[in-house]
Amino acid sequence: MKLRFEDRDIEAPPGASVLETLELAGIAIESSCRAGACQSCLLQCTEGQPPTAAQAGLPRNLVAEGCFLSCVCVPTEPLTIVRAGSARQRVGATLKERRWLSSNVLGLTLATDSPFTCHPGQFLTLVLPDSGLARSYSIAGCRAGLVELHVRILPDGRMSQQLAGDVPDGTPFILSGPAGNCFYDGVDSERRLILAGTGTGLAPLWAILHDALDRGHRGPIHLYHGARDESGFYLVDELRSLASRHPSFHYQPTTENLVAVVKSSETTPADSEFFLCGDAGLVNTLRRALFLRGAKLDRLHADAFVAAASGRS
């Protein structure tokens, strides 16, 4: 199948994705999960029609612009392709601060070289300029030229191991994105707000919580954070302090089955707005369970972390 990319004609091998084809041609494209979830590899089609599956999960405005996920796009007709351009921002950033939030979660604060427009709770792609190594991380906070991330350090994580090493302040990065629909904008301030997640799924929930409180959310807010054991929790003191200062906010860390805990506690899901973040299996199971119990589909916002060949690590 013939592809045209940046004035180059390239023949796609049978069954190969657009991402694989461009890489075989020596063209570097940002990518991370390679499972159609993180949106790092977003490209834009100016001629031809990408398969429907390559646009699944994208906002309608991006679909209308011809944007698609190149990692899962196996072309069925000739395509003319460009980089996503206005669909994604790409700005330089430097490391301002690192701090350990737990024994295996690192908090990063990055200062952007130019404005990076995002909603707290979305996710971005963090790129090391020298190597091109890219990983997706949820935005734990964004304000006044600063972006905060929570990075779980994995034993075999190429990016996370580098970040856990001797990385000096001022180290340059590139931020690309953002993507994702887990953010507070558009939520009824009177509605019950349910935040549930595991591991560093707390990062977007932390951002959404602060955004809601800053905007004067009037309904009750419940945050459920699940972990296998006590070592999996972080920011516990900060969250308990918030709960003591805001009577409408309730924080519940749990080592029990998070799906069961949320189902037993949230008995009227039709009246609530949900944000579910973290392990993909758990997030998808909880999303389905809440929907079957009456939660409104347009009030179920999910960010399922995909651990693929190069997921959030």
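Treat the numbers as computed from the prediction; the structure is a model and nothing was measured.
By the ring pair (Phe, Tyr, Trp, His ring centres under 6.0 Å) test, Y224 pairs with no residue at all, sequence neighbours left out.
A93 and D113 get closest at one heavy-atom pair: N-OD2, 3.7 Å. Closest of all the heavy-atom pairs between L95 and L110 is CA-CD2, 3.8 Å. Counting all heavy atoms, side chain and backbone alike, P204 lies closest to G121 at CB-O, 3.5 Å. In terms of heavy-atom proximity, T125 sits nearest to S40 at OG1-OG, 2.7 Å. Closest of all the heavy-atom pairs between Q49 and E77 is N-OE2, 3.2 Å. In terms of heavy atoms, A54 sits closest to V72 at CA-CG2, 4.1 Å.
Looking at D211, its side chain never comes within 3.5 Å of a backbone N or O of A207 through a donor-acceptor pair. Checking side-chain atoms of S17 against main-chain N and O of E20 turns up a donor-acceptor pair under 3.5 Å. With hydrogens and angles ignored, the 3.5 Å screen pairs a side-chain donor or acceptor of E11 with a backbone N or O of M1. Remark: side-chain polar atoms of T198 are not paired, donor with acceptor, to backbone N or O of G278 under 3.5 angstrom. Checking side-chain atoms of T80 against main-chain N and O of T46 turns up no donor-acceptor pair under 3.5 Å. A donor-acceptor pair under 3.5 Å is absent between the side-chain atoms of Q122 and the main chain of N181, judged by distance alone.
Hydrophobic clustering, with ILVMFWY side chains joined whenever heavy atoms are under 4.5 angstrom apart, groups I139 together with F173. Hydrophobic clustering (ILVMFWY, side-chain heavy atoms < 4.5 Å, transitive): V82 and L3 are in distinct clusters. No continuous path of ILVMFWY side-chain contacts below 4.5 Å connects V18 to V63, so the two sit in separate hydrophobic clusters. Hydrophobic cluster membership differs between L235 and W100, with clusters built from Ile, Leu, Val, Met, Phe, Trp and Tyr side chains linked at under 4.5 angstrom. Note on V105 and L124: separate hydrophobic clusters, where clusters join Ile, Leu, Val, Met, Phe, Trp and Tyr whose side-chain heavy atoms are under 4.5 Å apart, directly or indirectly.
Distance check, rounded to the nearest 0.5 Å: CZ of R158 to CD of Q162 gives 7.5 Å. Taking CG of L213 as the reference point, atom CD1 of I208 lies at 12.0 Å (rounded to 0.5 Å). Going from atom CG of D279 over to atom CG of L258 covers 10.0 Å, rounded to the nearest 0.5 Å. Atoms CZ and OG, from F249 and S244 in turn, are 10.0 Å apart once rounded to the nearest 0.5 Å. Atom-to-atom distance recorded for I221:CD1 and L193:CG is 5.0 Å, nearest 0.5 angstrom.
Counted by atom type alone, R218 and S189 present one or more donor-acceptor pairs between their side chains at under 3.5 Å.
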Discussion item. Run R152 and T200 through side chain to side chain donor-acceptor pair (under 3.5 Å) and show every step you take.
Written reply: CA-CA 7 Å; R152 181 175 170 228; T200 50; over 6 Å; no
Item to complete: Might you work through the side chain to side chain contact (heavy atoms under 4.5 Å, CB included) test for F305 and V283, ending with a clear yes or no?
Response: CA-CA 9 Å; F305 290 10; V283 164; over 6 Å; no
Item to complete: Please report the C-alpha distance between R245 and S241 in whole Å, then the side-chain angles of each, then the deciding distance to 0.1 Å, and finally whether the side chain to side chain donor-acceptor pair (under 3.5 Å) criterion is met.
Response: CA-CA 6 Å; R245 301 197 308 271; S241 177; 2.6 Å; yes
Worksheet item: Under the salt bridge (charged side-chain N to carboxylate O under 4.0 Å, His left out) criterion, do E148 and R143 qualify, and how do the steps go?
Response: CA-CA 9 Å; E148 299 174 15; R143 52 186 168 78; 2.8 Å; yes
Worksheet entry | Derivation of the side chain to side chain donor-acceptor pair (under 3.5 Å) call for T171 and D169 | CA-CA 6 Å; T171 296; D169 290 352; over 6 Å; no
Item to complete: Begin from the C-alpha positions of L146 and K96 and carry the test side chain to side chain contact (heavy atoms under 4.5 Å, CB included) through to its verdict.
Response: CA-CA 9 Å; L146 299 176; K96 183 177 176 64; 3.7 Å; yes
Discussion item. Go through it in stages, so that I can follow the logic: the residues are I29 and S31, the test is side chain to side chain contact (heavy atoms under 4.5 Å, CB included), and I'd like the CA-CA distance, side-chain angles, deciding distance and then a yes or no.
Written reply: CA-CA 6 Å; I29 301 294; S31 66; 5.6 Å; no
Discussion item. What verdict does the salt bridge (charged side-chain N to carboxylate O under 4.0 Å, His left out) test give for D271 and R192, after you've listed the backbone C-alpha separation in whole Å, the side-chain angles of each residue and the deciding distance to 0.1 Å?
Written reply: CA-CA 7 Å; D271 301 328; R192 184 179 178 88; over 6 Å; no
Item to complete: Would you sort out whether Y184 and H217 count as a ring pair (Phe, Tyr, Trp, His ring centres under 6.0 Å), showing the intermediate values?
Response: CA-CA 10 Å; Y184 180 75; H217 187 85; 5.6 Å; yes
Discussion item. Assess the residue pair L205 and H225 against the criterion (side chain to side chain contact (heavy atoms under 4.5 Å, CB included)); give the C-alpha distance rounded to whole Å, side-chain angles, the decisive distance to 0.1 Å, and a yes or no.
Written reply: CA-CA 9 Å; L205 303 180; H225 187 206; over 6 Å; no
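With salt bridges taken as basic N to acidic carboxylate O contacts below 4.0 Å, none links E266 and R293. Under 4.0 Å is where a charged nitrogen must lie from a carboxylate oxygen, and between E23 and R34 at least one such pair does.
A side-chain contact (heavy atoms from CB on, under 4.5 Å) with V147 is found for exactly one of L108, L175, V91, namely L175. The only option from L133, V151, L163 that meets the side-chain contact (heavy atoms from CB on, under 4.5 Å) definition with L126 turns out to be L163.
Taking the centre of each ring, F274 and H301 stay at or above the 6.0 Å mark.
Put simply, the side chain of H210 reaches to within 4.5 Å of the side chain of L242, judged on heavy atoms.
Taking the six-membered ring where the residue is Trp, W206 and H150 present tilted rings, their angle falling between 30° and 60°. Classification of the H119-F183 ring pair by plane angle, with boundaries at 30° and 60°, yields parallel.
Heavy atoms from other residues, nucleotides or ligands lying under 6.0 Å from CD of E6 number more than 12. For R288, the CZ atom counts as loosely surrounded, since its 6.0 Å shell holds 12 or fewer non-hydrogen atoms of other residues, nucleotides or ligands.
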